[in-house]
2 protein chains.
Amino acid sequence: MTTAPATRILVVDDEPQIRSALDVNLRARGYAVDLAVSGEDALHRAAAHHPDLVLLDLGLPGIDGLEVVRGLRGWTAVPIIVLSVREAEADKVAALDAGADDYVTKPFGMNELLARLRATLRRHQPGPGQPVVRTDDFVIDLEAKRVVRGDVDVHLTPTEWAVVEYLVRHPGRLVTQRQLLQHVWGPQYESETNYLRVHLAAIRKKLEPNPSQPRYLITEAGMGYRFEL
Amino acid sequence: MTTAPATRILVVDDEPQIRSALDVNLRARGYAVDLAVSGEDALHRAAAHHPDLVLLDLGLPGIDGLEVVRGLRGWTAVPIIVLSVREAEADKVAALDAGADDYVTKPFGMNELLARLRATLRRHQPGPGQPVVRTDDFVIDLEAKRVVRGDVDVHLTPTEWAVVEYLVRHPGRLVTQRQLLQHVWGPQYESETNYLRVHLAAIRKKLEPNPSQPRYLITEAGMGYRFEL
DNA sequence: CCTTGGCGTCAAGAAGTCGCTAAGACGCGC
DNA sequence: GCGCGTCTTAGCGACTTCTTGACGCCAAGG
């Protein structure tokens with residue numbers, strides 16, 4: 001029997017006690033743990049090791065935890081669970097808005113944390129990780145970066161692919177214009193919604209059975225887009 | 001069987017009769033009660049004993065009850081239920097704006113008080129933050145920014161969503177008009193309650209089974225709104 | 001019994017957003 | 001330097017969403 005590679009978790013916290021408590025408990029459950037002590041450290045380690053999940057304390061010295069969330073979301077959809085003290089209610093909402101997946105309030109029970117961690121991982125690995133998304137009208141192979149409609153290949157330009165991939169990797173979920181822009185074009189883009197309009201139109205023309213009445217790539221006016229299975 | 005440690009309640013009131021009435025009734029229900037006779041006393045005792053809930057009379061000699069709320073919120077998110085006489089309407093709103101969780105008007109029925117107390121404790125227990133909120137009539141997915149009623153999607157506009165999200169993220173708690181306005185429209189808005197009326201009406205039409213007799217989005221006249229699970 | 005204040009409702013106009021098209025700019029391989 | 005695919009930019013009508021004001025209702029208080 002081959003052993004599945006361990007799930008890699010990046011723990012970001014400046015308090016040594018919490019760091020080592022998490023380290024011990026996670027290792028005991030068979031996770032591979034990477035530790036970061038600051039926001040900068042976290043961003044570097046994430047870029048270097050591509051963890052499967054990030055456990056992020058919001059109250060960091062230096063770079064704010066919120067900035068770390070944004071920094072990560074600029075290029076990756078890795079699930080992020082935020083830790084914060086109860087007072088920082090507004091920060092938690094802001095973190096979720098910035099793209100965090102869940103949050104746990106300190107002080108937390110280790111069991112609750114582990115449960116949320118498993119739930120978040122489960123959500124982000126739909127079953128035995130199927131890199132292929134099927135609809136009635138087309139098939140998207142995320143691994144091979146191919147789209148087939150009927151029985152012919154559909155060619156997507158790089159930008160179109162980036163948009164489609166991001167939407168498809170968050171099925172059913174509302175993706176804000178900011179999220180899409182920053183993921184596809186870069187962190188400094190946030191208000192160029194005309195890019196999205198043009199490229200979405202092009203994508204719909206290629207994928208939707210009836211581009212003028214989209215069934216899969218839904219616009220939510222004033223908010224963003226949603227990929228409907 | 002291990003005995004759960006008693007829930008600790010800090011009672012703050014300068015009137016001896018009310019203090020002892022609360023003391024007796026709360027002890028009879030198995031709560032551990034700590035008594036404070038003034039605002040200063042309350043702040044000291046809260047810092048020393050970390051109560052699980054604070055019952056705070058607004059009409060205190062010396063430090064105002066409002067200041068006590070602010071003082072507590074500076075470092076703890078302990079639930080606060082405010083007691084006040086009916087006349088002090090403005091004080092109640094101010095206390096809620098400062099971060100109190102609920103209020104009870106004096107003279108109060110002991111049963112009502114106990115019910116609110118249990119409700120407040122209950123919702124502070126399991127940590128907030130489920131990304132999905134269910135009621136008998138609809139499901140709100142905070143993560144996906146999606147609302148389903150029965151089995152059809154309900155479409156919310158950006159403003160409607162912002163209002164619903166804020167209320168739902170503070171379930172059971174009385175949210176003042178100010179809080180909603182400033183969170184949704186921005187800091188400079190505080191008295192445009194007509195916005196709230198119009199948008200709440202639209203939301204109720206979409207979510208409530210009987211919009212003219214709301215079950216979930218409750219209006220508290222003169223104060224604000226409450227999302228009741 | 002009447003006034004007052006807060007709320008719900010409705011409708012119309014204002015403001016904002018989106019889809020679509022087409023033209024110009026860019027970058028890469030040849 | 002040329003051509004091709006691709007991306008950016010601009011503009012317009014259509015549509016969605018927000019704001020605003022008027023009106024009626026109800027409860028509290030004089």
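Chain letters run A, B, ... following the sequence lines, proteins first, then strands; residues in each count from 1.
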Side chain [X], main chain [Y], donor-acceptor under 3.5 Å:
X	Y	answer
B:Gln179	B:Leu96	yes
B:Asp13	B:Arg19	no
A:Arg226	B:Lys145	yes

Please report the distance, rounded to the nearest Å, between [atom1] in [X] and [atom2] in [N].
X	N	atom1	atom2	answer
A:Glu160	D:dT8	CD	P	11 Å
B:Trp185	D:dT17	CH2	P	15 Å
A:Leu156	D:dG5	CG	C1'	14 Å
A:Tyr195	D:dA10	OH	C1'	12 Å
B:Leu181	C:dG6	CG	C1'	15 Å

Requested in this report: Pick base, sugar-phosphate or nothing for B:Trp161, based on heavy-atom distances below 4.0 Å to the nucleic acid.
Outcome: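 The answer is nothing, as B:Trp161 stays clear of every strand by at least 4.0 Å.
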
Does the side chain of [X] get closer than 4.0 angstrom to OP1 or OP2 of [N] through an N or O atom?
X	N	result
A:His199	D:dT6	no
B:His155	D:dT16	no
B:Thr157	D:dT16	no

Requested in this report: State which residue, out of B:Leu196, B:Leu217, B:Leu174, fulfils the side chain to side chain contact (heavy atoms under 4.5 Å, CB included) condition with B:Tyr225.
Outcome: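 Considering B:Leu196, B:Leu217, B:Leu174, a side chain to side chain contact (heavy atoms under 4.5 Å, CB included) with B:Tyr225 is found only for B:Leu196.
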
Report summary line: Protein-proximity profile, nucleotides 12-30 of chain C, B/S/- by nucleotide at the 4.0 Å heavy-atom cutoff, equals -----SBBSB---------

Query raised in the report: Are A:Tyr195 and A:His199 near enough that their ring centres are under 6.0 Å apart?
Result: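 No, the ring of A:Tyr195 stays outside the 6.0 Å limit from the ring of A:His199, centre to centre.
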
Query raised in the report: Closest heavy-atom contact between B:Ile218 and B:Arg204?
Result: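 The answer is C-NH2, 4.0 Å.
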
